[in-house]
J.: 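Mind having a look at this structure? Questions to follow.
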Amino acid sequence: MEQENIELKQEPKQEIATISAEDLSADAGAGLENVTPEDLIIPQLKLVQKNSPMVDPNEGGYIQGVKVGDIVNNVTGEHYDGEKGITVVPVAYRRVFLEFQDRDVGGGLVQIHSNPNVLMNTTLRNGKDTLEGGNYIQTTANHYIIQLEGDKATPLMVAMASTQLKKSRRWNSIMAGIRMNDSKGETFTPASYSHTYQLCSTPEKNSKGSWYGWKIDLVGRVGEVSVYNQAKTFAQSITTEVETVVEKEVLVEAF
């Protein structure tokens with residue numbers, strides 16, 4: 001039997017089309033038409049404490065390489081050496097009053113108050129501003145910032161409560177105390193986002209225990225117009241609705 005010669009036809013290779021930035025720009029924003037500020041969460045910077053699940057390999061929140069005292073982005077998991085710190089631009093500030101259930105009855109955030117008069121209905125019990133029903137109020141200072149890292153500028157929030165409120169007051173005092181002169185020689189206080197600051201962590205302790213707190217130092221004026229404008233836009237975008245959503249994610253340890 002003669003062997004038949006079988007020719008195998010090779011199919012022509014299909015070239016894979018790539019998408020250019022121009023192609024993507026034609027559909028800019030598509031799929032996000034119905035996303036409002038209420039649907040967004042601004043990432044927070046948090047300090048890693050010794051009891052944090054981020055440093056425990058057996059916990060679901062473990063982040064490899066993170067150590068106690070580091071600064072962590074709670075959404076992306078990016079972390080930074082707390083001693084070296086990060087450079088930030090403060091853009092806005094808001095103080096709120098978070099109502100929590102006591103841990104003995106389940107714990108958890110119950111309500112967010114914006115009016116400080118809620119403290120008039122509390123008495124001090126076990127170091128907490130406690131309402132008649134047993135819930136307690138945690139005064140929280142929310143600082144909205146932009147983190148500068150190389151050519152990247154990231155909008156974030158830092159929530160300070162309990163022992164860290166004095167750090168918040170000091171930071172606000174530094175910003176309010178900056179003075180500049182305009183072309184007419186008149187003195188004015190520039191916008192908070194006119195200057196940069198270094199945020200680091202520092203060990204602290206009292207009779208109740210030890211922890212890491214914030215260390216905030218003035219660096220100098222913002223050098224780039226693009227950074228200033230981005231900070232200004234971020235400040236203008238912060239609405240009551242955005243803050244309400246963000247603050248529902250705030251679970252600051254009460255030291």
Side-chain angles (χ1 to χ4, degrees), residues 18-19 21 24 31-32 35 37 39-92 98 100-101 103 106-109 138 140-165 167-168 171 196-206 208-217 219 227 230-231 234 238 242-243 245-255:
T18 58
I19 303 175
L24 296 175
L32 302 173
V35 175
D39 303 310
L40 302 174
I41 292 178
I42 299 174
Q44 296 177 51
L45 291 180
K46 294 190 174 184
L47 294 177
V48 180
Q49 308 297 337
K50 59 185 178 182
N51 60 347
S52 171
M54 298 180 196
V55 295
D56 188 345
N58 297 316
E59 292 289 342
Y62 174 69
I63 301 177
Q64 187 172 7
V66 168
K67 63 184 185 297
V68 175
D70 281 355
I71 301 170
V72 174
N73 181 315
N74 75 325
V75 172
T76 66
E78 294 173 283
H79 51 94
Y80 311 87
D81 187 287
E83 186 176 351
K84 294 180 181 178
I86 59 175
T87 302
V88 304
V89 178
V91 303
L98 307 181
F100 287 94
Q101 279 189 330
R103 291 180 180 178
L109 181 63
Q138 183 182 77
T140 304
N142 290 340
H143 290 265
Y144 296 87
I145 64 173
I146 284 183
Q147 178 188 350
L148 303 180
E149 185 182 10
D151 58 356
K152 185 170 67 171
T154 307
L156 297 161
M157 188 184 82
V158 176
M160 300 184 183
S162 191
T163 61
Q164 301 308 295
L165 287 176
K167 311 294 183 66
S168 172
W171 195 1
T196 62
Y197 296 78
Q198 194 74 5
L199 290 191
C200 301
S201 66
T202 184
E204 301 177 5
K205 64 179 180 179
N206 61 18
K208 297 181 180 180
S210 60
W211 62 90
Y212 276 85
W214 292 104
K215 181 176 181 293
I216 306 162
D217 294 305
V219 176
V227 171
Q230 181 175 347
F234 181 34
I238 296 174
V242 172
E243 290 172 333
V245 173
V246 173
E247 286 151 4
K248 288 181 179 177
E249 302 295 322
V250 176
L251 296 175
V252 182
E253 297 84 352
F255 301 120

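These values consider heavy atoms only, across backbone and side chains, with no hydrogens, waters or symmetry-generated copies.
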J.: Quick one: closest heavy-atom pair of Gly65 and Asp70, and the distance?
T.: O-OD2, 4.1 Å

J.: Would you say the side-chain atoms of Gln64 pair up with the backbone N or O of Val55, donor to acceptor, closer than 3.5 Å?
T.: no

J.: Where is the tightest heavy-atom contact between Ile63 and His79, given as atom of each residue plus distance?
T.: CG2-CD2, 3.9 Å

J.: For the residue pair Lys167 and Gly213, what are the closest heavy atoms and their distance?
T.: NZ-C, 4.1 Å

J.: Measure across Tyr62 and Asp56 and return the closest heavy-atom pair with its distance rounded to 0.1 Å.
T.: CB-O, 3.1 Å

J.: Test Val88 against Ile146 for side chain to side chain contact (heavy atoms under 4.5 Å, CB included), laying out the working first.
T.: CA-CA 5 Å; Val88 304; Ile146 284 183; over 6 Å; no

J.: Identify the heavy atoms of Thr87 and Gln198 that sit nearest to each other, and give their distance.
T.: OG1-OE1, 2.9 Å

J.: Sequence neighbours excluded, which residues qualify as side chain to side chain contact (heavy atoms under 4.5 Å, CB included) partners of Glu78?
T.: Asn73, Thr76, Tyr80, Lys152

J.: Suppose we screen for side chain to side chain contact (heavy atoms under 4.5 Å, CB included). Which residues come up paired with Val227, at least two apart in sequence or across chains?
T.: Val89, Leu148, Val222, Glu224

J.: Please name all residues satisfying side chain to side chain contact (heavy atoms under 4.5 Å, CB included) with Lys215, sequence neighbours left out, ordered by chain then number.
T.: Cys200, Thr202, Asp217

J.: Evaluate the criterion side chain to side chain contact (heavy atoms under 4.5 Å, CB included) for residue pair Val158 and Gln44; output intermediate values, then yes/no.
T.: CA-CA 6 Å; Val158 176; Gln44 296 177 51; over 6 Å; no

J.: Are side-chain N/O atoms of Gln147 and Thr154 paired as donor and acceptor at under 3.5 Å?
T.: no

J.: How far apart are the C-alpha atoms of Val72 and Asn74, what are their side-chain angles, what is the distance that settles it, and do they pass the side chain to side chain contact (heavy atoms under 4.5 Å, CB included) test?
T.: CA-CA 6 Å; Val72 174; Asn74 75 325; 5.6 Å; no

J.: Who are the salt bridge (charged side-chain N to carboxylate O under 4.0 Å, His left out) partners of Asp81, not counting sequence neighbours?
T.: Lys67

J.: Search all heavy atoms of Gly69 against all heavy atoms of Ser201 and return the closest pair with its distance.
T.: O-OG, 2.6 Å

J.: Apply side chain to side chain contact (heavy atoms under 4.5 Å, CB included) to His143 and Ser168, showing your working.
T.: CA-CA 8 Å; His143 290 265; Ser168 172; 2.7 Å; yes

J.: Run the salt bridge (charged side-chain N to carboxylate O under 4.0 Å, His left out) test against Glu83 and tell me which residues pass, sequence neighbours left out.
T.: none

J.: Just so I know, are the side chains of Ile86 and Leu45 near enough to count as touching, which here means a heavy-atom distance under 4.5 Å?
T.: yes

J.: Is there a donor-acceptor contact under 3.5 Å linking the side chains of Trp211 and Gln49?
T.: no

J.: Side-chain contact test, heavy atoms from C-beta onward, threshold under 4.5 Å: evaluate it for Tyr212 versus Glu204 and give yes or no.
T.: no

J.: Would you call the rings of Tyr144 and Phe234 parallel, tilted or perpendicular if under 30° counts as parallel and over 60° as perpendicular?
T.: perpendicular

J.: Measure the CD-OG1 distance between Gln164 and Thr140 for me, rounded to the nearest 0.5 Å.
T.: 11.5 Å

J.: My understanding is that only residues two or more places apart in sequence, or in another chain, count here; which of them pass side chain to side chain contact (heavy atoms under 4.5 Å, CB included) with Ser52?
T.: Val48, Met54

J.: Working to the nearest 0.5 angstrom, can you tell me the gap between Lys84 NZ and Ile71 CD1?
T.: 12.0 Å

J.: Going from CE on Met157 to CD1 on Ile145, what distance comes out if it is rounded to the nearest 0.5 angstrom?
T.: 10.0 Å

